[in-house]
Structures are given as C-alpha cells and as structure tokens.
Amino acid sequence: MSSVYQRGRADLQANLTPMIDVTFLLIVFFVLVSQIVEVENVKLELPALIEPAAEMPGEAQRAVINVVPGPGSAAEAYRLGPRSFETGPVGREMLTQRLARLLGANPALRINLRADQRTQYQWVQPVLEAVSIAAGRVEDADVTPRVNLVVVRED
C-alpha cells in the first residue's frame with residue numbers, strides 16, 4: 001500500500017493570520033482617513049445663488065482705471081489705459097466722456113478699478129460717480145456697468 005493511504009486524508013487548513021492582519025490594517029487606515037476628512041469639512045449651510053454676481057473672468061473686454069497715488073494719501077491722476085486724467089472737475093468730466101464712449105461701444109464692458117491701499121476713498125468715489133454718469137449717458141438702456149475693485153493679496 002502506498003504511503004498516501006497510510007497517513008489518511010490530508011486536511012486542508014487555511015492560514016487566516018495574514019488575511020486578518022490586512023483586514024485590521026485596512027480598518028485602521030479608513031478610521032484615520034475618515035477623521036482627517038472630518039477635520040477639514042466644516043458643516044455649513046451655504047446659500048443658494050439665484051443670480052450670482054461673481055463670475056469667472058473670461059475673455060470679455062475690460063477697461064482698467066488706475067487711481068495714481070500722489071503725496072500722502074491723495075491721488076495724483078486717474079489713468080484709463082495709456083491716457084491720464086487730472087483729479088479736478090475737468091479731468092473727471094473727460095474721464096466720464098471717455099467711459100461713455102467705451103460703454104456705448106461695448107455695453108458688457110467690465111471696469112476694473114485699481115487704487116493703492118493708502119489712497120483715501122474720497123479719491124476713489126469720483127471714479128465710481130464717473131462710471132455711473134457715463135452709463136446714464138449711453139443711449140442703450142440695458143447698460144449696467146460692472147466695476148470690479150481690484151485687490152492684491154499680500155503673501
């Protein structure tokens with residue numbers, strides 16, 4: 001008789017130790033990851049936007065108005081493109097006329113307003129008035145100018 005029959009039937013036994021080790025490692029991994037994700041997520045009730053005012057900047061035409069800083073916290077001039085306008089009433093009227101022409105040519109014109117952080121609001125406010133008056137002078141009634149206040153983040 002062969003030796004196989006003398007020993008009897010072979011019992012199959014699965015060694016479950018490596019599988020249990022892997023299972024516990026996966027459990028530990030998912031517990032740790034779920035705690036990290038919970039720390040990053042703060043429960044907020046965000047408002048639903050009906051007509052969002054913020055949009056991603058596209059390729060639309062834009063005009064940049066710079067409030068050129070002067071001595072102290074005053075403004076020296078207003079610059080629209082390559083052209084400068086003085087801060088007095090005559091310069092503001094010329095700026096208004098130029099903006100009216102630009103808005104008449106492109107009613108969807110985006111206006112970026114840039115000013116130094118030391119410049120007082122009394123020098124920014126006339127530019128906002130000029131944009132508003134220029135929009136009123138455009139014959140197209142659908143012109144609603146959009147002014148973006150440009151802010152530079154300091155790292």
Side-chain angles (χ1 to χ4, degrees), residues 16-155:
L16 298 178
T17 305
M19 189 166 61
I20 292 172
D21 289 343
V22 169
T23 304
F24 281 122
L25 287 174
L26 287 173
I27 290 172
V28 169
F29 172 77
F30 285 116
V31 166
L32 289 175
V33 169
S34 68
Q35 289 178 356
I36 290 172
V37 170
E38 288 177 10
V39 169
E40 292 177 351
N41 288 338
V42 177
K43 291 188 178 190
L44 300 174
E45 293 184 30
L46 299 176
L49 298 176
I50 298 170
E51 293 182 14
E55 297 176 9
M56 293 298 292
E59 296 299 320
Q61 187 178 2
R62 63 184 170 93
V64 179
I65 302 173
N66 291 293
V67 180
V68 180
S73 59
E76 185 176 300
Y78 301 117
R79 184 171 293 145
L80 176 58
R83 190 164 174 205
S84 292
F85 303 92
E86 62 183 45
T87 58
V90 175
R92 288 194 307 252
E93 178 59 31
M94 291 173 60
L95 176 64
T96 303
Q97 291 173 3
R98 178 72 179 132
L99 286 170
R101 284 195 300 274
L102 290 173
L103 287 170
N106 183 8
L109 181 70
R110 295 180 182 270
I111 300 170
N112 292 343
L113 177 57
R114 299 179 71 231
D116 190 75
Q117 66 181 358
R118 295 172 306 204
T119 304
Q120 292 182 355
Y121 182 74
Q122 70 184 22
W123 301 103
V124 174
Q125 189 266 341
V127 176
L128 298 175
E129 275 185 13
V131 171
S132 178
I133 293 169
R137 290 182 183 173
V138 177
E139 295 177 8
D140 186 12
D142 291 338
V143 174
T144 304
R146 181 178 202 138
V147 178
N148 300 316
L149 298 176
V150 179
V151 179
V152 178
R153 185 178 71 195
E154 295 179 4
D155 292 328

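As the structure is a prediction and not an experimental result, all values here were calculated from the model.
Distance CZ/Arg62 to CG/Leu109: 10.5 Å, rounded to 0.5 Å. A distance of 4.5 Å separates CG in Leu99 from CD1 in Ile65, rounded to the nearest 0.5 Å. Between atom CG of residue Leu32 and atom CD1 of residue Ile27 there is a gap of 12.0 Å, rounded to the nearest 0.5 Å.
The closest donor-acceptor contact from the side chain of Thr23 to the backbone of Met19 lies under 3.5 Å. In terms of modelled atom types and a separation under 3.5 Å, the side chain of Asn66 and the main chain of Val68 share no donor-acceptor contact.
Applying side chain to side chain contact (heavy atoms under 4.5 Å, CB included) to Leu113 and the options Asn148, Val127, Val64 leaves one that passes, Val127.
Counting all heavy atoms, side chain and backbone alike, Tyr78 lies closest to Trp123 at OH-O, 2.8 Å. Shortest non-hydrogen contact noted between Ala100 and Val138 is O-CG2, 3.7 Å. Of all non-hydrogen atoms in Gly91 and Phe85, the two that sit nearest each other are O-CB, 3.6 Å. Closest approach of Thr87 and Ala75 over heavy atoms only: CG2-O, 3.6 Å. Here the closest non-hydrogen pair linking Ala63 and Leu102 is CB-CD1, 4.4 Å. Taking both residues in full, the closest heavy atoms of Pro69 and Thr119 are given as CB-OG1, 4.3 Å, listed atom of the first, atom of the second, then distance.
Residue pairs meeting the salt bridge (Lys or Arg N to Asp or Glu O under 4.0 Å) criterion with at least one partner in residues 77-86, sequence neighbours excluded, do not occur; the list is empty.
Looking at residues two or more places apart in sequence or on another chain, you find a salt bridge (charged side-chain N to carboxylate O under 4.0 Å, His left out) between Arg137 and Glu93.
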